[in-house]
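One structure below.
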Amino acid sequence: DAKTTQPTSMDCAEGRAANLPCNHSTISGNEYVYWYRQIHSQGPQYIIHGLKNNETNEMASLIITEDRKSSTLILPHATLRDTAVYYCIVSGATDSWGKLQFGAGTQVVVTP
Amino acid sequence: DTEVTQTPKHLVMGMTNKKSLKCEQHMGHRAMYWYKQKAKKPPELMFVYSYEKLSINESVPSRFSPECPNSSLLNLHLHALQPEDSALYLCASSQDEPGQGSGANEKLFFGSGTQLSVL
């Protein structure tokens with residue numbers, strides 16, 4: 001299973017864009033990048049995923065570098081409700097079969 | 001219905017008790033999971049069920065016993081737990097298991113968890 005590296009924490013001002021980096025330098029060609037977030041005392045929530053192309057949905061945008069060794073999750077207009085731990089995970093059809101393993105994640109605090 | 005429902009939300013048990021955690025989904029998902037999460041730590045995978053069969057056991061002690069009675073239900077039976085087993089237990093489901101290469105069908109839907117305290 002490809003490992004990911006994320007900053008431990010970051011702060012973001014309300015209304016500003018939050019850019020969350022993730023390094024996954026050992027990702028293999030058929031592994032997807034997934035982002036989840038977990039608000040305190042709740043179950044993790046799926047945000048977005050991608051393989052090679054950049055993706056956007058109603059929650060966020062995902063930018064994946066051309067070599068696929070890193071990605072950035074963008075929350076375009078952060079709100080206080082976006083305060084959460086954000087997890088970047090890679091999962092694919094290699095030795096990670098059936099397993100979605102969470103790393104330490106990034107604690108994001110959105111401030112007024 | 002895109003919900004995964006877990007009951008109970010909170011559970012306190014003694015080390016000699018037997019209890020069960022329940023998880024239910026009606027999305028037709030073929031894979032279901034149990035995760036354990038200690039405070040300020042990421043969720044840790046415990047078990048994976050695929051098509052109602054146990055496919056992954058992450059070397060979990062036998063005092064935790066999973067059961068999948070049908071495609072919508074997942075139970076976790078608890079017996080003779082230790083205080084260090086106190087944690088948030090999360091259930092999840094997905095259309096396909098991770099690693100099948102299907103991208104969107106592998107995203108997990110989580111329940112809100114059962115907060116377990118072992119005294």
Side-chain angles (χ1 to χ4, degrees), chain A residues 1-6 8-9 22 27-53 55-60 62 64 68 84-107 109, chain B residues 2-6 9-10 21 23 25 27 29-51 53-59 87-115:
Chain A
D1 206 3
K3 297 287 189 288
T4 61
T5 305
Q6 297 177 253
T8 303
S9 64
C22 180
I27 193 170
S28 57
N30 54 1
E31 289 188 308
Y32 286 83
V33 179
Y34 292 84
W35 283 83
Y36 289 78
R37 73 180 183 184
Q38 187 173 24
I39 296 169
H40 183 60
S41 297
Q42 297 182 20
Q45 176 191 24
Y46 164 84
I47 301 173
I48 199 167
H49 76 281
L51 184 62
K52 295 179 182 176
N53 299 323
E55 302 288 346
T56 295
N57 64 20
E58 65 279 3
M59 290 182 69
L62 175 61
I64 303 175
R68 301 206 332 119
V85 178
Y86 287 76
Y87 296 103
C88 166
I89 304 164
V90 293
S91 176
T94 57
D95 60 353
S96 63
W97 181 76
K99 299 183 182 184
L100 193 71
Q101 304 281 25
F102 287 76
T106 297
Q107 172 68 62
V109 176
Chain B
T2 57
E3 274 198 3
V4 175
T5 304
Q6 289 188 245
K9 292 196 182 306
H10 298 91
L21 309 184
C23 175
Q25 59 88 13
M27 294 177 277
H29 287 175
R30 296 181 276 261
M32 296 186 76
Y33 312 77
W34 282 114
Y35 282 82
K36 172 183 176 180
Q37 186 173 26
K38 302 283 277 184
K40 300 189 186 302
K41 297 290 187 183
E44 296 177 10
L45 183 66
M46 299 175 73
F47 302 104
V48 180
Y49 272 81
S50 179
Y51 290 93
K53 296 269 191 287
L54 182 64
S55 62
I56 293 177
N57 176 341
E58 289 285 83
S59 302
L88 180 67
Y89 288 84
L90 294 160
C91 175
S93 70
S94 62
Q95 182 72 17
D96 293 329
E97 283 187 84
Q100 302 303 307
S102 58
N105 288 346
E106 296 172 18
K107 63 185 181 186
L108 266 62
F109 292 78
F110 282 85
S112 54
T114 294
Q115 186 64 56

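We name chains A, B, ... by the order of the sequence lines, and we start the count at 1 in each one.
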inquiry  = Is any side-chain heavy atom of A:C88 closer than 4.5 Å to one of A:V33?
reply    =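 They are in side-chain contact.
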query = Is A:I64 close to A:N53 at the side-chain level, that is, under 4.5 Å between some pair of heavy atoms?
reply =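 Side-chain contact under 4.5 Å: no.
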At a 4.5 Å cut-off on heavy atoms, which part of [X] comes close to chain A: side chain, backbone, both, or neither?
X	answer
B:A92	neither
B:Q37	side chain
B:K41	backbone
B:Y35	side chain
B:Q115	neither

key: Of A:I48, A:N57, A:T56, the residue whose pairing with A:L62 passes side chain to side chain contact (heavy atoms under 4.5 Å, CB included)   =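 Single side chain to side chain contact (heavy atoms under 4.5 Å, CB included) partner of A:L62 among A:I48, A:N57, A:T56: A:I48.
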message = Could you go through A:T106 and A:Y87, starting from their C-alpha distance and side-chain angles, then the distance that decides it, and tell me whether this counts as side-chain hydrogen bond (donor to acceptor under 3.5 Å, both in side chains)?
response = CA-CA 7 Å; A:T106 297; A:Y87 296 103; over 6 Å; no
ask   = Considering only heavy atoms, which portion of A:Q107 lies under 4.5 Å from any heavy atom of chain B: side chain, backbone, both, or neither?
value =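 Looking at A:Q107, nothing touches chain B.
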message = For chain A, which candidate among B:P43, B:S112, B:A39 shows the most heavy-atom pairs at distances under 4.5 Å?
response =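 Going by pairs under 4.5 Å, I would pick B:P43.
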Flag if over 12 foreign heavy atoms under 6.0 Å of NZ, A:K52 =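 Atom NZ in A:K52 is not crowded, with 12 or fewer foreign heavy atoms closer than 6.0 Å.
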inquiry  = Does anything in residues 41-50 of chain A form a side-chain hydrogen bond (donor to acceptor under 3.5 Å, both in side chains)? List the pairs, not counting sequence neighbours.
reply    =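 Listed once each, the pairs are A:R37-A:Q45, A:Y46-A:H49.
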Top contributor to chain B interface from A:P44, A:G103, A:G105 [non-hydrogen pairs under 4.5 Å] =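 Option with the top pair count is A:P44.
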